[in-house]
Amino acid sequence: MPALVLLGAQWGDEGKGKATDLLGGSVDYVVRYQGGNNAGHTVVVGDQKYALHLLPSGILSPGCTPVIGNGVVVDPSVLFSELNGLNDRGVDTSKLLISGNAHVITPYNVTVDKVTERFLGKRKIGTTGRGIGPTYADKINRVGIRIQDLYDESILTQKVEAALDGKNQLLTKVFNRRAIEVGQVVEELLGYADRLKPYVADTVLVLNQALEQDKVVLFEGGQGTLLDIDHGTYPFVTSSNPTAGGACTGAGVGPTKISRVIGILKAYTTRVGSGPFPTELFDEDGEALRRIGGERGVTTGRDRRCGWFDAVIARYATRVNGLTDFFLTKLDVLTGWEQIPVCVAYEIDGRRVEELPYSQTDFHHAKPVYEYLPGWSEDITKAKSFSDLPKNAQDYVKALEEMSGAPISAIGVGPGRDETIEVNSFL
Ligand code: GDP
Ligand code: IMO
Ligand code: MG
């Protein structure tokens with residue numbers, strides 16, 4: 001049963017797009033199972049660079065069927081502009097399948113996201129402002145709009161009315177905004193229906209049948225483990241489950257079908273938006289990681305916060321996802337440091353703590369305990385096998401593997417598809 005999950009092991013932006021694209025040529029389906037266009041996945045193919053937000057990165061591999069699962073939230077206008085952009089560059093997107101049960105990000109969800117963040121002031125989450133949280137909130141509150149609702153005007157109108165009833169009270173009375181008109185929203189949503197129609201499918205059936213026929217299915221997570229609504233640094237998280245279990249609920253595939261769970265792990269750490277980050281750097285090292293690593297958000301253009309590798313987080317990701325492998329990315333960015341600090345534990349109120357504390361208060365007080373590993377200065381971007389790496393780079397990888405609790409099966413030494421060292425095959 002070749003079903004693989006590929007997900008972020010840290011706070012997102014680990015290089016999931018590149019890793020998915022690398023496997024894309026050997027898999028039959030690539031499925032997004034949660035999140036929406038808050039994601040920004042960069043794929044570099046030859047001299048072409050693609051930024052994907054909603055579409056699975058497998059869309060760039062001609063043999064692969066890209067699927068947007070029921071757990072994803074879809075902004076149709078964003079979807080169309082992403083499809084147009086790819087079509088203009090000669091990418092065939094006709095195979096795309098979208099679950100009829102996926103929820104729609106409506107214009108009022110985007111408004112509520114932005115207004116809520118403004119209202120929170122300095123306590124804000126630092127969301128991407130794409131309406132992700134409010135759309136998932138509507139889903140849980142059972143007032144969400146699903147793709148399938150766009151094909152029944154009467155039901156759609158009733159659902160938009162139900163969703164806007166309370167929101168308009170909030171918008172006008174609390175946030176001092178104008179009320180949103182039901183008719184206008186319905187008209188906009190109906191306007192998307194025809195173009196969406198050819199893609200809409202019973203994706204649960206399609207994927208399960210594919211697995212029965214021994215096809216290879218890859219589930220591509222958005223965001224990362226520490227941004228998970230249940231297992232992340234709540235409340236500074238996204239509103240879905242990027243962790244491995246999310247692939248089952250977000251695509252309708254049972255856990256017994258998943259054969260491998262690959263955690264994408266950056267050789268250092270980054271985070272976008274608010275929230276605790278024990279190894280964050282505020283000095284020239286942090287600035288250097290940002291500059292050399294090109295750590296600027298693909299979706300919002302915000303500078304990413306940068307810090308050293310955190311093994312406590314990696315171990316936690318191994319545990320909550322049941323990781324079978326790691327794909328270590330951006331090792332090349334660390335070239336040139338004489339020694340590289342790696343966080344092996346935390347000090348919390350004078351105690352040494354080896355595992356991620358479940359208490360938010362403790363995590364906010366966590367200070368990194370560093371070990372210093374010797375660096376290397378040789379260019380590693382041309383390395384094709386593990387033995388091509390300088391001894392200190394090999395030792396760095398081995399030390400991370402030892403601390404993180406799962407084998408490192410691939411190593412990224414540059415953004416390109418071929419700038420990867422494959423240690424163990426994923427398929
Ligand atoms: P994602 O959201 O997890 O798909 O990651 P992003 O695309 O937001 O950010 C990762 C960035 O690192 C992108 O610009 C990638 O092109 C780049 N990247 C991925 N792997 C490597 C690598 O091994 N080395 C270098 N230098 N860049 C990489
Ligand atoms: P990829 O898939 C990094 C962060 C936001 C914010 C928090 C909540 O490219 O790794 P949201 O808009 O989801 O409600 O914002 O989550 N965030 C990400 N950070 N990479 C992402 O996606 C992210 N998607 C959301 O910055 O802190
Ligand atoms: Mg990203």
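Predicted model only: the values in this text are computed from it and were never measured. Counting convention: from 1, in listed order, for ligands and their atoms alike.
Relative to atom 21 (C) of ligand 1, the option among G15, G414, A267 with the closest non-hydrogen atom is G414.
Short contacts between ligand 2 and W11, defined as distances under 4.0 Å to a heavy atom of the residue, involve ligand atoms 3 (C), 19 (N). Near A39, meaning under 4.0 Å from one of its heavy atoms, ligand 2 places the atoms 1 (P), 2 (O), 9 (O), 22 (O). Using a 4.0 Å cut-off to heavy atoms of K18, the atoms of ligand 1 that qualify are 19 (C), 20 (N), 23 (O). The ligand atoms of ligand 1 that sit less than 4.0 angstrom from a heavy atom of G412 are 23 (O). Ligand-side atoms of ligand 1 in range of V298: 8 (O), range being under 4.0 angstrom from any heavy atom. Applying the 4.0 Å criterion to heavy atoms of G222 picks out, from ligand 2, the atoms 2 (O).
Among protein heavy atoms, atom 9 (O) of ligand 1 sits closest to R304 NH1, 3.5 Å. Taking atom 4 (O) of ligand 1 as the reference point, the nearest protein heavy-atom neighbour is G17 N, 2.8 Å. Protein heavy atom closest to atom 11 (C) of ligand 1, with residue, atom name and distance, is K330 NZ, 3.5 Å. Of the protein's non-hydrogen atoms, Q223 CG, 3.6 Å is the one closest to atom 23 (C) of ligand 2. In terms of protein heavy-atom proximity, atom 7 (C) of ligand 2 is closest to V237 O, 3.8 Å. The nearest protein atom to atom 26 (N) of ligand 1, hydrogens excluded, is given as D332 OD2, 2.7 Å; this is a heavy-atom distance. In this structure, the protein non-hydrogen atom closest to atom 12 (O) of ligand 2 is T128 OG1, 2.6 Å. For atom 18 (C) of ligand 2, the nearest non-hydrogen atom of the protein is L227 CD1, 3.6 Å. Here the protein heavy atom with the shortest distance to atom 1 (P) of ligand 1 is K16 N, 3.5 Å. The protein heavy atom nearest to atom 26 (O) of ligand 2 is R302 NH2, 3.0 Å. The protein atom (non-hydrogen) at minimum distance from atom 16 (O) of ligand 1 is P415 CB, 3.6 Å. Annotation: atom 6 (P) of ligand 1 to nearest protein heavy atom, G40 O, 3.6 Å. Looking only at protein heavy atoms, the nearest one to atom 10 (C) of ligand 1 is D13 O, 3.8 Å.
Between F277 and W11, the angle of the ring planes lies from 30° to 60°, which puts this pair in the tilted group.
Side-chain contact check for N37 and D75: no donor-acceptor pair (N or O, by modelled atom type) lies under 3.5 Å.
Checked by distance only, ligand 2 and D113 stay at 3.5 Å or farther apart across all their nitrogen or oxygen atoms. Checking only distances, T329 never comes within under 3.5 Å of ligand 1, N or O to N or O. Between V272 and ligand 2, at least one N/O pair is under 3.5 Å apart. Of the N or O atoms in R130, none lie within a sub-3.5 Å distance of an N or O in ligand 2. On a distance-only criterion, T42 and ligand 1 share at least one N/O pair closer than 3.5 Å. Considering backbone and side-chain atoms alike, G40 places an N or O below 3.5 Å from some N or O of ligand 2. At a 3.5 angstrom cut-off on N or O pairs, S274 does not count as close to ligand 2. In terms of N/O distances under 3.5 Å, ligand 2 is not approached by T127. Distances between N or O atoms of H41 and those of ligand 2 include at least one value under 3.5 Å.
Taking distances strictly below 2.8 Å, the protein N/O/S atoms close to the Mg ion (ligand 3) are D13 OD1, G40 O.
Side chain of T225 to main chain of G8: a donor-acceptor pair is present (N/O by atom type, distance under 3.5 Å, no hydrogens or angles). A donor-acceptor pair under 3.5 Å is formed between the side chain of T269 and the backbone N or O of W308.
Within the structure, ligand 2 has K16 among the residues with a heavy atom less than 4.0 angstrom away. In this structure, S239 has no heavy atom closer than 4.0 Å to ligand 2. Between G126 and ligand 2 there is a heavy-atom distance shorter than 4.0 Å. Residue E14 places no heavy atom under 4.0 Å from ligand 2.
Sorted by first and then second residue, the side-chain hydrogen bond (donor to acceptor under 3.5 Å, both in side chains) pairs with a member in residues 336-347 read D285-W337, D310-Y346; sequence neighbours excluded.
Judged as a salt bridge (Lys or Arg N to Asp or Glu O under 4.0 Å), and not counting sequence neighbours, the contacts of K167 are D138. Take Y29 and apply the ring pair (Phe, Tyr, Trp, His ring centres under 6.0 Å) test, not counting sequence neighbours, and it matches no residue.
Geometrically, R89 engages Y50 in a cation-pi contact, judged by NZ or CZ lying under 6.0 Å from the ring centre and within 45° of the ring axis.
Atom OH of Y234 has 12 or fewer neighbouring heavy atoms from other residues, nucleotides or ligands inside a 6.0 Å radius. More than 12 heavy atoms of other residues, nucleotides or ligands shown are found within 6.0 angstrom of NZ on K384.
In R271, neither the side chain nor the backbone holds a heavy atom less than 4.0 Å from any atom of ligand 2.
Checking each of R290, R305, K330 against E295 for a side chain to side chain donor-acceptor pair (under 3.5 Å) leaves exactly one that passes, namely K330.
For the pair L79/I68, a side-chain contact is recorded, criterion being any heavy-atom separation below 4.5 Å from C-beta on. Counting heavy atoms from C-beta on, the side chains of V43 and K18 never come closer than 4.5 Å.
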